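Quick notes on the structure that follows.
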Amino acid sequence: MVEKRENTVPAAFVTGWPIKHSRSPIIHRHWLKQNGLAGTYDAVAVSEDDFASFIAGLKDGSRGFCGGNVTIPHKEIAFRLSDRPDDLAQELGAANTLWLQDGELHATNTDGYGFAANLDACHAGWDKVDRAVILGAGGASRAVIQAVRDRGVNEIHVVNRTVSRAEELADRFGQKIHAHGLPALAEVMAGAGLFVNTTSLGMDGQESATIDFSSMKAGALVTDIVYVPLETPILKQASEQGYATADGLGMLLHQAIPGFEKWFGHRPVVDAALRQLIIQDIQAA
Ligand code: ATR
């Protein structure tokens with residue numbers, strides 16, 4: 001747990017630019033209330049120009065925070081400005097969770113944890129597959145590649161419109177990762193036990209793609225990290241073709257657990273009430 005000064009209420013933040021649409025305050029405030037804990041969690045808008053001074057104020061205590069979350073566009077610079085990034089953050093070159101401990105700023109990246117913990121909760125055994133296909137090679141795909149690899153999946157095919165970006169990730173994450181352009185998708189799907197969409201395809205208001213899942217293994221799982229809409233066009237197609245699906249909301253909820261535990265000293269639980277709160281917020285937007 002993060003050290004606290006006597007009689008101070010732990011204060012955590014989420015920062016990004018823009019930040020007002022972040023759902024993290026809903027998640028952490030729900031857990032604070034549910035567990036009867038004193039603490040605060042607030043969204044703080046910080047521009048790229050102001051980020052280094054924000055981190056300086058975090059480190060010297062003048063901001064009054066014990067830690068917080070970092071989102072787009074600050075994940076890379078947060079990693080670079082931290083004193084003690086863990087192995088996960090170092091490999092990704094990006095951090096989303098920061099905390100002060102023994103006077104130093106620690107950093108990790110919980111996106112991969114969130115991805116895996118969500119699937120553990122809703123589709124146990126998801127990682128017992130020989131071959132996985134990950135669509136997309138942007139920022140979001142990195143943590144998914146790391147998590148799938150670290151669970152021991154032997155053959156991980158990263159398929160991306162721009163093949164050079166997939167190749168960069170294969171170089172970064174090791175020999176189990178194979179890079180392809182979109183035309184190879186049909187071929188690598190054959191016999192796969194897991195498909196993950198990490199692209200913005202099918203995100204609210206954006207175009208989607210027609211994907212043929214039929215050559216995947218019987219019982220294969222299709223998941224999407226997009227969660228607006230909850231049932232993305234990709235998940236709908238997979239479900240219509242008879243495959244199990246997992247939506248992206250669970251990853252968002254589970255990735256918040258390690259940070260909350262660091263700042264507030266209690267390991268929270270993702271439950272139906274929390275999920276419903278976020279669904280309501282999506283519907284109200
Ligand atoms: P993020 O950090 O959310 O992953 P990103 O780095 O912009 O965002 O990456 C977006 C991903 O969606 C990329 O894999 C992108 O493919 P390119 O690398 O070729 O740009 C993918 N993507 C976005 N729109 C797409 C489309 N219409 N068809 C196929 N892939 C698309």
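Atoms within each ligand, like the ligands themselves, are counted from 1 in listed order. Basis for what follows: all heavy atoms, side chains included, without hydrogens, waters or symmetry-related copies. Residue indices begin at 1 and follow the sequence shown. Keep in mind that this is a model prediction, so the values were computed, not measured.
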Handout entry: Residues D102, R84: salt bridge by 4.0 Å N-O rule
Key = no
Problem - Pairs meeting criterion ring-ring contact (aromatic ring centres under 6.0 Å, His included) with involvement of residues 131-176, two or more places apart - result: H157-H178, H157-H180
Problem - Connected hydrophobic set around Y243, excluding itself, where side chains approach under 4.5 Å - result: V133, L135, V159, L182, L185, V188, M189, F195, L201, I211, F213, M216, V222, I234, L235
Exercise for the section: Output the set of protein residues with a heavy-atom contact under 4.0 Å to ligand 1, ordered first by chain identifier and then by residue number. Expected result: G136, A137, G138, G139, A140, N160, R161, T162, R165, T199, S200, L201, E207
Practice task
Considering only Ile, Leu, Val, Met, Phe, Trp and Tyr, and joining two whenever side-chain heavy atoms are under 4.5 Å apart, list the other residues clustered with W17.
Solution key: none
Practice task
Kindly state whether the ring of H28 and the ring of W263 have centres lying under 6.0 angstrom apart.
Solution key: yes
Handout entry: Between CG on residue L88 and CG on residue L92, distance to nearest 0.5 Å
Key = 6.5 Å
